[in-house]
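Here the structure is a predicted model, which means the values were calculated and not measured.
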Amino acid sequence: VSKKIFRSEKVFASAGQNSFSVKPVIFTLDKIPVEIGVNIEFDRWGIDFLDCSINTEDGVFVPVDMQFPFVRFKGYAGFEKFLIHLTNDVCAFYGKITGQKADIIVAVDNQLSEVDESEMDFLVNLDLAVKNKVQLLFNPVLRGVIVPGTSLGFYLDTATSDFVVKGDVALRGGEIVWLNRSFYMKEG
(Lines give C-alpha, C1' and ligand atoms only; values in the text may rest on other atoms or scores of the structure.)
Protein backbone atom coordinates (compact mmCIF):
# COMPACT_ATOMS: atom_id res chain seq x y z
CA VAL A 1 0.00 0.00 0.00
CA SER A 2 2.81 2.38 0.84
CA LYS A 3 6.59 2.35 0.89
CA LYS A 4 6.52 4.66 3.92
CA ILE A 5 6.58 3.27 7.47
CA PHE A 6 3.38 3.14 9.55
CA ARG A 7 4.13 4.18 13.15
CA SER A 8 2.17 4.06 16.40
CA GLU A 9 3.15 4.66 20.02
CA LYS A 10 1.10 1.73 21.34
CA VAL A 11 -0.50 -1.22 19.61
CA PHE A 12 -2.66 -3.62 21.59
CA ALA A 13 -2.87 -7.10 20.14
CA SER A 14 -4.82 -10.11 21.27
CA ALA A 15 -3.89 -13.68 20.45
CA GLY A 16 -5.99 -16.81 20.88
CA GLN A 17 -5.80 -20.44 19.88
CA ASN A 18 -5.88 -19.80 16.16
CA SER A 19 -6.11 -16.02 15.81
CA PHE A 20 -4.17 -12.80 16.22
CA SER A 21 -5.85 -9.42 16.05
CA VAL A 22 -5.17 -5.74 16.46
CA LYS A 23 -8.32 -3.67 16.89
CA PRO A 24 -8.31 -0.52 14.74
CA VAL A 25 -5.70 1.87 16.12
CA ILE A 26 -4.35 5.20 14.87
CA PHE A 27 -0.99 4.97 13.12
CA THR A 28 0.86 7.83 11.47
CA LEU A 29 2.18 7.74 7.94
CA ASP A 30 4.36 10.80 7.29
CA LYS A 31 2.70 12.41 10.37
CA ILE A 32 -0.77 11.80 8.85
CA PRO A 33 -3.23 9.77 10.96
CA VAL A 34 -4.46 6.44 9.55
CA GLU A 35 -6.71 3.94 11.33
CA ILE A 36 -5.53 0.36 10.79
CA GLY A 37 -6.78 -2.95 12.12
CA VAL A 38 -5.47 -6.46 11.52
CA ASN A 39 -7.03 -9.88 11.96
CA ILE A 40 -5.11 -13.08 11.22
CA GLU A 41 -6.61 -16.57 11.38
CA PHE A 42 -4.24 -19.55 11.49
CA ASP A 43 -4.73 -23.05 10.15
CA ARG A 44 -2.37 -25.12 12.30
CA TRP A 45 1.08 -23.59 11.60
CA GLY A 46 0.06 -21.69 8.47
CA ILE A 47 -1.99 -18.55 7.90
CA ASP A 48 -5.55 -19.25 6.77
CA PHE A 49 -6.28 -15.58 6.00
CA LEU A 50 -5.23 -12.06 6.88
CA ASP A 51 -7.58 -9.05 6.92
CA CYS A 52 -6.25 -5.52 7.16
CA SER A 53 -8.69 -2.60 7.39
CA ILE A 54 -7.52 0.92 6.55
CA ASN A 55 -9.51 4.12 7.13
CA THR A 56 -8.65 7.80 7.03
CA GLU A 57 -10.72 10.74 8.18
CA ASP A 58 -12.71 12.56 5.51
CA GLY A 59 -10.39 14.91 3.60
CA VAL A 60 -7.19 13.24 4.88
CA PHE A 61 -4.85 11.80 2.25
CA VAL A 62 -1.78 9.59 2.77
CA PRO A 63 1.06 8.72 0.35
CA VAL A 64 0.42 5.36 -1.34
CA ASP A 65 1.85 3.23 -4.13
CA MET A 66 -0.55 0.37 -4.95
CA GLN A 67 -0.08 -2.00 -7.84
CA PHE A 68 -2.77 -4.32 -9.20
CA PRO A 69 -2.74 -6.33 -12.42
CA PHE A 70 -2.93 -3.81 -15.31
CA VAL A 71 -3.24 -0.74 -13.01
CA ARG A 72 -0.92 1.16 -10.67
CA PHE A 73 -1.97 4.02 -8.37
CA LYS A 74 0.81 6.26 -7.10
CA GLY A 75 0.13 9.44 -5.16
CA TYR A 76 -2.12 10.39 -2.24
CA ALA A 77 -5.30 8.59 -1.21
CA GLY A 78 -8.03 8.68 1.39
CA PHE A 79 -9.55 5.35 2.46
CA GLU A 80 -13.11 4.57 3.52
CA LYS A 81 -13.99 1.05 4.69
CA PHE A 82 -10.95 -0.23 2.78
CA LEU A 83 -10.11 -3.89 3.37
CA ILE A 84 -7.23 -6.03 2.18
CA HIS A 85 -8.09 -9.73 2.42
CA LEU A 86 -5.21 -12.14 1.82
CA THR A 87 -5.27 -15.94 1.62
CA ASN A 88 -2.74 -18.39 0.21
CA ASP A 89 -4.09 -18.00 -3.31
CA VAL A 90 -6.18 -14.77 -3.39
CA CYS A 91 -5.38 -11.13 -2.70
CA ALA A 92 -8.57 -9.05 -2.48
CA PHE A 93 -9.16 -5.29 -2.12
CA TYR A 94 -12.57 -3.81 -1.17
CA GLY A 95 -13.85 -0.36 -0.24
CA LYS A 96 -13.54 3.23 -1.40
CA ILE A 97 -10.39 5.12 -2.36
CA THR A 98 -10.33 8.86 -3.02
CA GLY A 99 -7.26 10.00 -4.94
CA GLN A 100 -5.49 13.34 -4.97
CA LYS A 101 -2.18 14.46 -6.53
CA ALA A 102 -1.77 11.04 -8.10
CA ASP A 103 -1.06 9.11 -11.28
CA ILE A 104 -3.23 6.20 -12.39
CA ILE A 105 -1.10 4.18 -14.78
CA VAL A 106 -2.91 1.66 -16.97
CA ALA A 107 -0.68 -1.06 -18.44
CA VAL A 108 -0.28 -1.13 -22.18
CA ASP A 109 1.73 -4.01 -23.71
CA ASN A 110 2.01 -5.76 -20.32
CA GLN A 111 4.18 -3.06 -18.69
CA LEU A 112 3.22 -4.24 -15.19
CA SER A 113 4.23 -7.84 -15.91
CA GLU A 114 5.76 -8.52 -12.49
CA VAL A 115 2.24 -8.47 -11.02
CA ASP A 116 0.59 -10.17 -13.99
CA GLU A 117 2.77 -13.28 -13.73
CA SER A 118 1.90 -13.87 -10.08
CA GLU A 119 0.46 -17.26 -9.15
CA MET A 120 -1.92 -15.45 -6.82
CA ASP A 121 -5.37 -14.41 -8.07
CA PHE A 122 -6.49 -10.83 -7.51
CA LEU A 123 -10.01 -9.74 -6.64
CA VAL A 124 -10.52 -5.98 -6.67
CA ASN A 125 -13.88 -4.35 -5.97
CA LEU A 126 -13.33 -0.64 -5.39
CA ASP A 127 -15.26 2.60 -5.60
CA LEU A 128 -12.83 5.22 -6.87
CA ALA A 129 -13.27 8.96 -6.45
CA VAL A 130 -11.03 11.75 -7.68
CA LYS A 131 -10.15 15.06 -6.07
CA ASN A 132 -7.50 17.41 -7.49
CA LYS A 133 -4.49 16.77 -9.76
CA VAL A 134 -5.06 13.13 -10.72
CA GLN A 135 -3.67 12.00 -14.08
CA LEU A 136 -4.70 8.99 -16.14
CA LEU A 137 -1.77 7.53 -18.09
CA PHE A 138 -2.00 4.99 -20.91
CA ASN A 139 1.74 5.14 -21.62
CA PRO A 140 2.77 6.14 -24.24
CA VAL A 141 -0.54 6.84 -26.00
CA LEU A 142 -2.52 9.08 -23.62
CA ARG A 143 -2.00 11.39 -20.67
CA GLY A 144 -5.05 13.18 -19.32
CA VAL A 145 -5.99 15.08 -16.18
CA ILE A 146 -9.18 13.70 -14.62
CA VAL A 147 -11.89 16.23 -13.75
CA PRO A 148 -12.23 16.56 -9.94
CA GLY A 149 -15.41 14.96 -8.61
CA THR A 150 -15.26 12.03 -11.05
CA SER A 151 -16.13 8.65 -9.54
CA LEU A 152 -16.32 5.14 -10.91
CA GLY A 153 -16.49 1.51 -9.92
CA PHE A 154 -13.56 -0.80 -10.63
CA TYR A 155 -13.92 -4.59 -10.52
CA LEU A 156 -11.24 -7.13 -11.40
CA ASP A 157 -11.18 -10.89 -10.87
CA THR A 158 -8.14 -12.54 -12.39
CA ALA A 159 -9.48 -16.05 -11.59
CA THR A 160 -12.43 -15.56 -13.97
CA SER A 161 -10.78 -12.89 -16.17
CA ASP A 162 -13.59 -10.44 -15.34
CA PHE A 163 -12.73 -6.76 -15.69
CA VAL A 164 -15.37 -4.05 -15.24
CA VAL A 165 -15.06 -0.29 -15.04
CA LYS A 166 -18.41 1.42 -14.41
CA GLY A 167 -18.79 5.17 -14.79
CA ASP A 168 -17.51 8.06 -16.88
CA VAL A 169 -14.00 9.45 -16.73
CA ALA A 170 -13.99 13.06 -17.84
CA LEU A 171 -10.59 14.41 -18.85
CA ARG A 172 -9.58 18.06 -18.97
CA GLY A 173 -6.21 18.67 -20.56
CA GLY A 174 -3.48 16.29 -21.61
CA GLU A 175 -1.84 14.80 -24.71
CA ILE A 176 -2.47 12.04 -27.19
CA VAL A 177 0.45 10.51 -29.08
CA TRP A 178 -0.53 8.81 -32.34
CA LEU A 179 1.51 7.90 -35.41
CA ASN A 180 4.62 9.67 -34.07
CA ARG A 181 2.71 12.92 -33.54
CA SER A 182 1.55 14.65 -30.35
CA PHE A 183 -1.88 16.21 -30.05
CA TYR A 184 -3.02 18.47 -27.21
CA MET A 185 -6.26 17.28 -25.62
CA LYS A 186 -8.51 20.05 -24.37
CA GLU A 187 -11.14 17.71 -22.93
CA GLY A 188 -12.32 14.16 -23.40
Side-chain angles (χ1 to χ4, degrees), residues 1-8 24-38 52-85 91-116 122-156 163-177 182-188:
V1 174
S2 182
K3 293 182 180 180
K4 306 281 184 173
I5 296 174
F6 290 84
R7 299 182 188 277
S8 181
V25 66
I26 300 296
F27 284 79
T28 56
L29 182 65
D30 271 0
K31 300 180 182 176
I32 303 168
V34 182
E35 183 184 77
I36 299 175
V38 175
C52 180
S53 63
I54 303 174
N55 288 293
T56 58
E57 292 181 21
D58 196 27
V60 173
F61 300 91
V62 294
V64 298
D65 187 353
M66 298 189 318
Q67 191 161 320
F68 309 107
F70 310 112
V71 178
R72 180 178 182 187
F73 180 93
K74 186 174 182 177
Y76 290 85
F79 297 95
E80 184 179 330
K81 296 180 182 174
F82 185 74
L83 177 70
I84 300 171
H85 178 77
C91 183
F93 298 88
Y94 305 97
K96 181 176 181 180
I97 299 176
T98 302
Q100 178 171 289
K101 297 180 186 170
D103 291 335
I104 299 171
I105 304 157
V106 179
V108 178
D109 295 332
N110 215 15
Q111 292 169 338
L112 303 176
S113 60
E114 62 272 5
V115 173
D116 297 345
F122 281 80
L123 177 61
V124 181
N125 191 358
L126 297 173
D127 292 322
L128 305 173
V130 173
K131 290 285 186 184
N132 297 317
K133 299 179 182 174
V134 177
Q135 293 188 104
L136 178 64
L137 302 163
F138 281 95
N139 286 332
V141 178
L142 170 81
R143 183 192 68 81
V145 179
I146 301 174
V147 174
T150 299
S151 63
L152 61 113
F154 176 69
Y155 179 82
L156 170 69
F163 180 78
V164 178
V165 177
K166 191 183 253 186
D168 293 326
V169 178
L171 302 176
R172 188 172 300 144
E175 293 103 32
I176 297 174
V177 178
S182 284
F183 300 94
Y184 174 73
M185 179 175 55
K186 191 172 184 180
E187 65 181 72

(request) Could you tell me whether Tyr76 atom OH has more than 12 heavy atoms of other residues or ligands within 6.0 Å of it? (result) no
(message) With a 3.5 Å distance limit and no angle check, can you tell me whether Ser8 reaches the backbone of Ile26 through a side-chain donor-acceptor pair?
(response) yes
(request) May I have the step-by-step check of side chain to side chain contact (heavy atoms under 4.5 Å, CB included) for Val145 and Arg172, ending in yes or no? (result) CA-CA 5 Å; Val145 179; Arg172 188 172 300 144; 5.5 Å; no
(request) Look up atom CZ in Arg7 and atom OG1 in Thr28, then write down how far apart they are to the nearest 0.5 Å. (result) 7.5 Å
(message) Quick check for you: to the nearest 0.5 Å, what is the distance between Arg143 atom CZ and Ile176 atom CD1?
(response) 11.0 Å
(request) Check whether any side-chain heavy atom of Leu171 sits under 4.5 Å from a side-chain heavy atom of Ile146, and report yes or no. (result) yes
(request) Would you give the length of the straight line joining atom CD1 of Ile32 to atom CZ of Phe27, rounded to the nearest 0.5 angstrom? (result) 15.5 Å
(request) May I ask you to test the Phe61-Lys101 pair for a side-chain heavy-atom distance under 4.5 Å? (result) no
(message) If you define the side chain from C-beta out and look only at heavy atoms, does anything of Ile105 sit under 4.5 Å from Phe73?
(response) no
(request) Quick one: closest heavy-atom pair of Val64 and Ala77, and the distance? (result) CG2-CB, 3.8 Å
(request) Check Val169 against Thr150 and note the closest heavy-atom contact, atom names and distance. (result) CA-CG2, 4.0 Å
(message) Using the rule side-chain contact (heavy atoms from CB on, under 4.5 Å), only one of Asp127, Val71, Ile104, Asn125 pairs with Phe154; which is it?
(response) Val71
(message) Within the 4.5 Å heavy-atom criterion, are Thr98 and Glu80 side-chain neighbours or not?
(response) no
(request) Taking the side chain as every heavy atom from C-beta outward, state whether Phe79 and Val34 have any pair of such atoms under 4.5 Å apart. (result) no
(request) Answer yes or no: is there a side-chain heavy-atom contact under 4.5 Å between Glu175 and Ser182? (result) no
(request) Give a yes or no on this: more than 12 heavy atoms of other residues, nucleotides or ligands lie within 6.0 Å of atom CD of Glu187. (result) no
(message) Before you tell me yes or no, could you show the steps for Leu137 and Leu142 under side chain to side chain contact (heavy atoms under 4.5 Å, CB included), namely the whole-Å CA-CA distance, both residues' side-chain angles and the distance that decides it to 0.1 Å?
(response) CA-CA 6 Å; Leu137 302 163; Leu142 170 81; over 6 Å; no
(request) Just say parallel, tilted or perpendicular for the rings of Phe93 and Phe122, cut-offs at 30° and 60°. (result) parallel
(request) Kindly compute the distance separating CG (Leu123) from SG (Cys91), expressed to the nearest 0.5 Å. (result) 9.5 Å
(request) Answer yes or no: is there a donor N or O on one side and an acceptor on the other, between the side chain of Asn55 and the main chain of Lys81, under 3.5 Å? (result) yes
(message) Please report the interatomic distance NZ(Lys96) to CG(Leu126), rounded to the nearest 0.5 Å.
(response) 12.0 Å
